[in-house]
Structures are given as structure tokens and as C-alpha cells.
Q: 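To start, I am sharing the structure in question, which I have written as C-alpha cells.
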Amino acid sequence: MYVPLALPFATLALVLLLSSGSIAAEVDATAMPGEAVLTLDAGNFSEVVTKHEFIVVEFYAPWCGHCKELAPEYEKAASVLRKRDPPVVLAKVDAYDESNKELKDKYKVHGYPAIKIIRKGGSDVSAYGGPRDAEGIVEYLMRQVGPASLEIKSAVDASRSIGDKGVVLVGVFPEFAGIEYENFMAVANKMRTDYDFFHTLDASILPRGDLTVKGPLIRLFKPFDELFVDSQDFDSDAIKKFIEVSGFPTVVTFNADPTNHKFIERYYSTPSAKAMLFLRFNDDRVETFKSQMHEAARQLSGNNISFLIGDVSTADRAFEYFGLKESDVPLLLVLASTGKYLNPTMEPDQLIPWMKQYIYGNLTPYVKSESIPKVNDQPVKVVVADNIDEIVFNSGKNVLLEFYAPWCGHCRKLAPILEEVAVLLQDDKDVVIAKMDGTANDIPTDFSVEGYPALYFYSSSGGNLLLYDGPRKADEIISFIKKNRGAKAAAAEVTQMDDVEEEVTSSTPSESVRDEL
């Protein structure tokens, strides 16, 4: 059976990266005793945020391992930053707490930890794009709270500002005035969370490029590809496009370097096929593999494929998500709307020919599936990729299917509720309650699973799949099944459903519909 892979690329990046004004004095009362980080919630969030021209807020979940790793570094940074001039306030919100759900939704928190930089009392919000160690947090935020672009006055300034980490923009001007300078500064202010901006009157002090130019000119420095690119188009939209295109690597690197995180996020958010090569970066052939990936990207540039090379040592979440084995590296993985394609234990000279076979349509998609259970007699049935047609689409029954992840807290809370529903409906032979581990099985593209848990209903009469987004209560779920079950069900069975509903208590607390990936 062929099951095409569902590709929630926009949220996929978050899964993989989780492997990654004046200050009002009285707000310090919001901090817990002995803590420099303010604790915010739905009750005090607006009041505190509106008092600040600049505040940083971490949205976390108590069970999140990466949040726990960040906590001491975040606290150290907060204790340093609150003493700076101007002081910078760091705060945190428990986004897993149901009472803070509106804040989580408002600030588009799709994974943990999510750090937001909030300016102008809440009117300007951007994502934090810096390191996660205390020293890096302090350095990054001090740049954010100061001018959007800094002047480079000497070769020493240039050497210190333009290193081999990240993308740096330098505006070269004959004078710091005029529409070109104003547009450059406006774009710098909007894009400062992701890029470092500088300006200078003297191109001769810059480390690369034509040192005689007088400007106006924008020089983009980068630690990859051709190392620098110039542009003389100062239209605001043109500047942004220049930065986004020229400042993005031909082949994205997936490793522990936080400066690559924004590239990884954009890589998975781009609507294209994904070619990902995973290997150990201490492999003697790593440079040859990198060369082959760049050459593949060049030769296949017109085929809407994005390329990435990842270090296995930092890609454990990727391997877990895609169901890969370290014993298969070097491994080339292509994810596309037509499916998933694997080339394990490959050699560098096999890379380009194999990619061309993918382009020609000569490869067979790989479907990740757990083994079909030999015994499946529990109230909640187990579905895997290899039996989803049999249990869901071809059974002729009304099926409620949960997609879950073993690490998902909301899934664990939902489990006894689904068990209760299944037990109460076990005498109704026309209804099936089932579950599928979305991390161990490829999810058919019929389903749009962007987070866990996700509940879908397929009626005995066929038709469209229905997403259940109601309260997580047994009586609500049973009512949903009754309302949407197929016409095939007998009237006696409907009466039975009514009787079941009377037995269900409504004491189960309601939860948000699903965890974000």
C-alpha cells in the first residue's frame, strides 16, 4: 500500500529545532522571590507589557526539556540585563496553563520554548533569534535595545562587527542622509532580530569587496557561498528581498550553531521538496559530500528543491520524527508531496545520480509504518500506516481516529478519556475508536495533522474527514459521533447512543484542541 506523507513543514521546523525605553521600577514586584525573571500570566500580562518600551517574554511548558535547559541561562541573563543602562526586562509565561491559552494563541506560540521580543507596549512583536546561553542572550538583546544599525568607523570596528557567524548588512553612504539612508535604516529596524546592520562612510575599511566605492551601496557579508554580495537598489521592498535571497544559503546546515536556526526555520517553511543529507560531520568524506550537495543544488536549481546537510549528532529529533536509523548514515532523504524517498549508506558520487532518478520519477516512495499488531482487541484499536485503509477507510464503520505523539502531554491526558468513550461504545459494532502514533507512522495526506493530539472522524457512509475540535470530554465526543455517524446505523443503535450519553459524566476538564508540534 502507498501512503503519501503529510508534510506540515511550517511546524516541522519547530520540532527539529527543539532538538534548538524606560523601565518602570514597580514591575519588579512581579518577579518571584530570588528570581530576576518576571512571572506573567493572563491576569498581569497586559499591565506589565504596556509599561515597557522593550520586554522579552519566554512562553514555556513545565514538562519541556529544552525549557528546563534554558531556564538557568535565561535567569542569569535577566540578572545581568536588569542592571544595564537601559535595563532590559526578561519575563516568562506558562503557556501550557489553560488560563494562559489566549496569550499563547495571540502570540502564535507553536512550540516550546518560544521567546518573543515585544516593543512599544505590545504593538511591535518579533521572534527572538539569538543564542540560548546567558552570555549570548545578553549580547544579542543589548544589540536589540540599541540603535538598529551601528556606525563602523575603523578597520578594527569592521573586523569586530563582521565575523564568520551569521549574515551582516553594511550600508555604504557618502553621507548619513537622503532617501537611500532612510530606507536602509527603516529596513534595519524591521529586520534587526534576524540580521546585524551597520553603516559606514568608508568602504576601504571593510574586509571584502570593492574598497573604493563611495555608495550608496549595501554590502551583504555571509559565512557561506560567495561570502559577500552588493546591491544598489534602495527601494524598501527591494532591500528586504535582497537580504532574504542573498542572505540564504544554497545548502542549509543543520547543526548546533544557533545562527543557523533561522535558516532551518525558513528551509522547512518554504513550499518545496526537501533534500536532506544526514551524516557525521567527523566523517572523512564530509567535505566531498558538501561539495556534491552544492553541485546538486546548482544542477537542479529549476526543480523547486531545497537542500540541507545535517550533523547526526544534533539531528536526533529529526531522526525520531522521520523514523530514521543512525546505522543508515550517510543517508539522503527527500520529502515531497508525492512521498518520502530514502538512499541509506550512500557514497558521495551516488548523490547527484540518485537525485536525478528522483527528478525523473524512477524512485519508489518509502512508507514508514509500525508492524500491524497481531492482537488488536483493546477498546481503543491500534492503527498503523499499513492497516489504516482496513480499519478506517474500508471498514464501513464510523471511526474516530486520534493521531498522537508519545511525548505529548495533552495526548497523555486525552488517553483515559478516549478509553472511556471506547468502553462505553464497545457494544456498538458500528463504531470504532482508534489511535495512531504519528511519530512512528507516515500520516496520509488525507489528514492535515499540524499538532498532537489530532482527532479525525470518518463516517460509515464515507464522505469527507471531519476534524474534531470540541471539548475533550467523553460526553462531547460521543455527541459528536452520534451527530456525524453514517446513515447505515440502525435506529436501535442511535437509541443505544442516547443511553450511553446519560452514563457519561462531564467532570473531565476541557483542554485546548491539540498540542502544537
Side-chain angles (χ1 to χ4, degrees), residues 21-33 35-61 67 70-71 73-132 134 136-150 182-197 236 240 262 265 516:
S22 58
I23 308 298
E26 64 269 23
V27 301
D28 282 343
T30 315
M32 299 295 288
E35 290 187 355
V37 177
L38 306 187
T39 299
L40 306 183
D41 56 30
N44 64 3
F45 188 92
S46 295
E47 178 184 358
V48 173
V49 168
T50 54
K51 292 178 179 177
H52 294 79
E53 279 293 307
F54 186 99
I55 185 171
V56 182
V57 180
E58 176 207 1
F59 293 85
Y60 73 96
C67 300
L70 173 65
E73 299 298 318
Y74 197 64
E75 175 67 23
K76 289 177 190 175
S79 65
V80 172
L81 287 166
R82 68 177 180 177
K83 300 173 184 176
R84 293 294 176 94
D85 183 20
V88 177
V89 174
L90 270 58
K92 61 183 179 181
V93 173
D94 181 354
Y96 191 67
D97 189 325
E98 184 68 17
S99 64
N100 295 324
K101 184 179 183 301
E102 287 190 14
L103 290 175
K104 173 185 174 183
D105 293 343
K106 178 180 178 180
Y107 288 93
K108 299 178 181 179
V109 176
H110 301 305
Y112 304 112
I115 306 174
K116 307 291 183 178
I117 296 175
I118 304 176
R119 294 181 170 90
K120 302 176 182 178
S123 62
D124 184 352
V125 181
S126 56
Y128 174 89
R132 295 192 177 184
I137 293 170
V138 171
E139 181 181 353
Y140 178 86
L141 290 178
M142 289 307 296
R143 291 202 308 268
Q144 297 303 312
V145 78
S149 178
L150 300 176
E182 292 173 2
N183 285 354
F184 176 82
M185 296 301 286
V187 171
N189 193 54
K190 290 182 179 179
M191 302 183 74
R192 63 187 297 173
T193 55
D194 289 324
Y195 304 95
D196 291 335
F197 288 83
S236 294
K240 293 176 187 175
K262 60 177 174 288
E265 290 184 20
E516 298 296 338

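In what follows, every heavy atom counts, from backbone to side chain, and hydrogens, waters and symmetry copies are set aside.
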Q: So do the side chains of Val93 and Tyr60 get within less than 4.5 Å of each other, counting heavy atoms only?
A: no
Q: List in chain and number order the residues that pass ring pair (Phe, Tyr, Trp, His ring centres under 6.0 Å) with Phe45, two or more places apart in sequence or in another chain; answer none if no residue qualifies.
A: Tyr107
Q: Without swapping roles, check the side chain of Arg192 against the backbone of Arg143 for a donor-acceptor pair under 3.5 Å.
A: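 Judged by distance alone, yes, a pair lies under 3.5 Å.
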Q: To check you understand the geometry: which heavy-atom pair defines the closest contact between Ser149 and Ala188, and what is its length?
A: CB-CB, 4.4 Å
Q: What distance do Lys104 atom NZ and His110 atom NE2 have between them, rounded to the nearest 0.5 Å?
A: 9.5 Å
Q: Test your reading of the model: is there a side-chain donor-acceptor pair from Lys76 to the backbone of Ala134, 3.5 Å cut-off?
A: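 A pair under 3.5 Å: no.
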Q: Please report the shortest heavy-atom distance between Ala42 and Ser99, naming the atom on each side.
A: CB-O, 3.4 Å
Q: Provide the closest heavy-atom pair for Val187 versus Ser236 in the form atom of the first, atom of the second, distance.
A: CG2-O, 3.8 Å
Q: Between Ile137 and Ile115, is there a side-chain heavy-atom distance shorter than 4.5 Å?
A: no
Q: Do you know which two heavy atoms are closest between Phe59 and Ala95, and how far apart they sit?
A: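 Here Phe59 and Ala95 meet closest at CB-CB, 4.1 Å.
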Q: Which pair of non-hydrogen atoms, one from Leu90 and one from Ala77, has the smallest distance, and what is that distance?
A: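 Looking at all heavy atoms of both residues, the shortest contact is CD2-CB, 4.2 Å.
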Q: Please set out all donor-acceptor pairs under 3.5 angstrom arising from side-chain atoms of residues 119-126, sequence neighbours excluded.
A:
{"unit_1": "Arg119", "atom_1": "NH2", "unit_2": "Gln144", "atom_2": "O", "d": "3.3"}
{"unit_1": "Arg119", "atom_1": "NH2", "unit_2": "Gln144", "atom_2": "OE1", "d": "3.2"}
{"unit_1": "Ser123", "atom_1": "OG", "unit_2": "Lys120", "atom_2": "O", "d": "3.2"}

Q: Does some side-chain heavy atom of Lys92 sit less than 4.5 Å from a side-chain heavy atom of Cys67?
A: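 Heavy-atom side-chain distance check fails, nothing below 4.5 Å.
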Q: Any side-chain heavy-atom pair from Arg132 and Glu73 closer than 4.5 angstrom?
A: no
Q: Would Ile117 and Tyr140 satisfy side-chain contact (heavy atoms from CB on, under 4.5 Å), going step by step from the backbone distance to the final call?
A: CA-CA 11 Å; Ile117 296 175; Tyr140 178 86; 4.0 Å; yes
Q: Go through the steps to decide whether Glu98 and Lys101 satisfy the test salt bridge (charged side-chain N to carboxylate O under 4.0 Å, His left out), and finish with yes or no.
A: CA-CA 5 Å; Glu98 184 68 17; Lys101 184 179 183 301; 5.9 Å; no
Q: Looking at Asp41, is its backbone amide N or carbonyl O close enough to the side chain of Asn44 to form a donor-acceptor pair, meaning the two atoms are under 3.5 Å apart?
A: yes
Q: Please evaluate residues Phe197 and Met191 with respect to the criterion side-chain contact (heavy atoms from CB on, under 4.5 Å), reporting the C-alpha separation (whole Å), side-chain torsions for both, the decisive distance (0.1 Å), and the verdict.
A: CA-CA 9 Å; Phe197 288 83; Met191 302 183 74; 4.0 Å; yes
Q: If you take all heavy atoms of Ala91 and Ile55, which pair is closest and at what distance?
A: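 Closest heavy-atom pair between Ala91 and Ile55: CB-CD1, 4.3 Å.
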Q: Evaluate the side-chain contact (heavy atoms from CB on, under 4.5 Å) criterion for residues Leu103 and Asp97: first the C-alpha distance (whole Å), next the side-chain angles of each, then the deciding distance (0.1 Å), finally the verdict.
A: CA-CA 10 Å; Leu103 290 175; Asp97 189 325; over 6 Å; no
Q: Would you say the side chain of Phe54 lies within less than 4.5 Å of the side chain of Leu141, judging by non-hydrogen atoms?
A: yes
